[in-house]
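Below is one structure, written out as structure tokens, with a few remarks after it.
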Amino acid sequence: MAVNPMYHQTSQRMEEELDWIRRAQRDPECFGPLYKKYHEQIFRYIYQRMDDEETAFDVTSQVFLKALNNLHRYEYRGVPFSSWLYRIAKSELYQSFRDRKAQRTVNIDSFQLHGLIEEMEEDDKELNRKKLFDCIKLMKEKDVQLIEMRFFEKRSFREIGEVLGITENNAKVRAFRSIEKLKELFHTTKTNYEDQKN
Amino acid sequence: MKIKKINLDRKPISSEYIQKKQDFQQLMTIYRKQTIPVWKQPLFYGVIGLASITTVVVTYLIPINPTPIEKKITSKNEIIPTISSADNELFTVVSTESVGRDEKIQNNEPSQKRKSEASEVQIIDLDQPIEGLTYEGSVSEKRVDRKTGFLPSVSGFSQGDIPLDMLCNSEGIIVGDGTEIKSFKVFYSVGMSEKTQIVSGNKIPDGVCVDLKKSGFDQMLFITEIAGVKESKSVNVPSMNLWIIIG
């Protein structure tokens with residue numbers, strides 16, 4: 001299931017959204033429609049990366065509070081309002097990790113994991129899963145992000161680009177490089193595991 | 001950010017459950033309750049801004065103590081010691097026979113007579129009122145009729161404003177008591193620099209007039225170290241400064 005079914009909008013929806021934004025900038029009480037529209041997807045983005053549900057709701061509230069406080073600074077320049085919200089969400093998420101309110105977690109389901117192992121051109125075995133988890137823990141945050149968004153959240157490259165503030169092409173290249181790094185790490189780890197087995 | 005944990009097949013949360021957790025009113029309550037730091041409030045900047053502007057106005061626009069130099073320059077009408085190397089210079093008559101050369105005697109005491117070895121020396125204090133000296137005309141006309149006086153003048157001007165042509169087309173520096181001017185020093189501005197000339201005789205040199213005209217702006221002309229001869233005796237004549245009007 002795609003995490004963000006409402007991401008792709010028609011131009012009419014975008015116009016409607018811009019109207020909401022302008023009204024909310026004049027009167028914060030008019031922020032309601034935007035809150036309602038984006039609350040779920042921001043929550044899922046945050047909850048995907050942490051373990052505790054209540055903390056995820058708290059951080060989500062923080063995101064919208066910060067958005068309200070800084071709404072006067074938002075200016076539409078072809079980037080959807082959601083991208084701006086995601087940047088705030090990322091900032092608040094990492095702040096919660098630094099404040100030790102939450103710990104960085106990767107949540108995967110079996111179906112998504114299977115897809116990733118296939119991408120790695122490996123067999124979906126228990127050993128490979130275990131090694132894959134270990135490799136993910138060893139990877140840098142920026143690479144984990146790309147793998148999460150592409151394989152676990154099933155986002156398009158365009159969405160990934162807008163969330164990270166990069167072009168769609170750049171998102172493709174980065175995602176490709178992250179998978180290559182994971183493969184390299186996996187094969188190195190595989191060698192170690194085989195040595196131990198032997 | 002180090003990965004602490006990986007969860008496999010965590011129980012998903014439904015959209016309905018997430019929507020139930022939405023609470024826009026609570027968000028607005030928290031938003032309204034936020035306290036703005038004092039330094040971020042508009043009133044703070046209003047007060048600070050006003051104080052800053054007041055400070056700037058007081059510092060730069062209201063003069064507190066005019067400089068002594070400005071006072072001297074603006075005091076064109078006063079008979080004051082000239083801006084020269086010898087301030088408070090007194091007029092002395094020194095006998096060349098007894099002394100051998102000219103002497104300057106500086107003394108702040110009122111008019112007094114002092115006897116030298118060979119002759120009587122009269123010291124006149126310029127700070128004291130001088131008999132027979134009057135101002136004529138308005139502030140802009142500072143021409144003084146003092147042909148009988150002992151102060152030097154040019155075209156009748158001893159101090160104050162004098163048109164350039166009157167300076168340059170005059171008989172030169174004249175002292176009313178018959179003192180013959182032998183030499184003097186003239187000091188004036190040329191562009192960004194200053195010029196000093198030692199002149200023989202009593203006439204303002206043409207070169208000085210040309211320089212003054214070229215400068216194109218009104219300025220002070222200092223005439224100092226005026227040496228003269230009266231009744232075969234060398235005398236030092238008081239300095240004078242004139243405000244030259246070019247236009």
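Note that these values count all heavy atoms, side chains included, but never hydrogens, waters or copies made by symmetry. Numbered from 1 within each chain, the chains take letters A, B, ... in sequence-line order.
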> Between the main-chain N or O of Ser110(A) and the side-chain N or O of Asp9(B), is there a donor-acceptor pair closer than 3.5 Å?
Replying inline: yes

>> Treating Arg10(B) as the side-chain partner and Asp109(A) as the backbone partner, does any N or O pair qualify as donor plus acceptor under 3.5 Å?
In response: no

Residue part contacting chain B, namely of [X], when any heavy atom lies under 4.5 Å:
X	answer
Phe133(A)	both
Phe64(A)	both
Glu54(A)	side chain

Taking [atom1] in [X] as the centre, count heavy atoms belonging to other residues, nucleotides or ligands within less than 6.0 Å. Is the count above 12?
X	atom1	result
Asp206(B)	CG	no
Glu184(A)	CD	no
Tyr94(A)	OH	yes

> Going by atom types alone, do Tyr17(B) and Glu53(A) pair a side-chain donor with an acceptor below 3.5 Å?
Replying inline: yes

>> Could you check whether Lys21(B) pairs with Glu40(A) (Lys NZ or Arg NE/NH1/NH2 to Asp/Glu carboxylate O, under 4.0 Å)?
In response: no

> Any idea which heavy atoms bring Leu65(A) and Leu27(B) closest together, and the distance?
Replying inline: N-CD1, 3.7 Å

If I take atom [atom1] from residue [X] and atom [atom2] from residue [Y], how far apart are they, to the nearest 0.5 angstrom?
X	Y	atom1	atom2	answer
Tyr31(B)	Asn69(A)	OH	CG	6.0 Å
Leu132(A)	Ile6(B)	CG	CD1	7.5 Å
Asp51(A)	Lys5(B)	CG	NZ	3.5 Å
Arg44(A)	Ile13(B)	CZ	CD1	7.0 Å
Asn107(A)	Lys11(B)	CG	NZ	14.5 Å
Leu8(B)	Ile108(A)	CG	CD1	7.0 Å

>> Suppose the criterion is ring pair (Phe, Tyr, Trp, His ring centres under 6.0 Å): which pairs have a residue in residues 105-124 of chain A, not counting sequence neighbours?
In response: none

> How about residues 135-142 of chain A versus chain B: which residues have heavy atoms under 4.5 Å apart?
Replying inline: Ile136(A), Lys137(A), Glu141(A)

> Looking at Arg98(A), His39(A), Arg49(A), which has the largest count of heavy-atom pairs under 4.5 Å with chain B?
Replying inline: His39(A)

> chain A heavy atoms under 4.5 Å from Gln19(B): which part of the residue, side chain, backbone, both or neither?
Replying inline: side chain

> In chain order, what residues pass the salt bridge (Lys or Arg N to Asp or Glu O under 4.0 Å) check against Lys36(A), with sequence neighbours excluded?
Replying inline: none

> With sequence neighbours excluded, what pairs up with Glu121(A) under the side-chain contact (heavy atoms from CB on, under 4.5 Å) test?
Replying inline: Lys183(A)

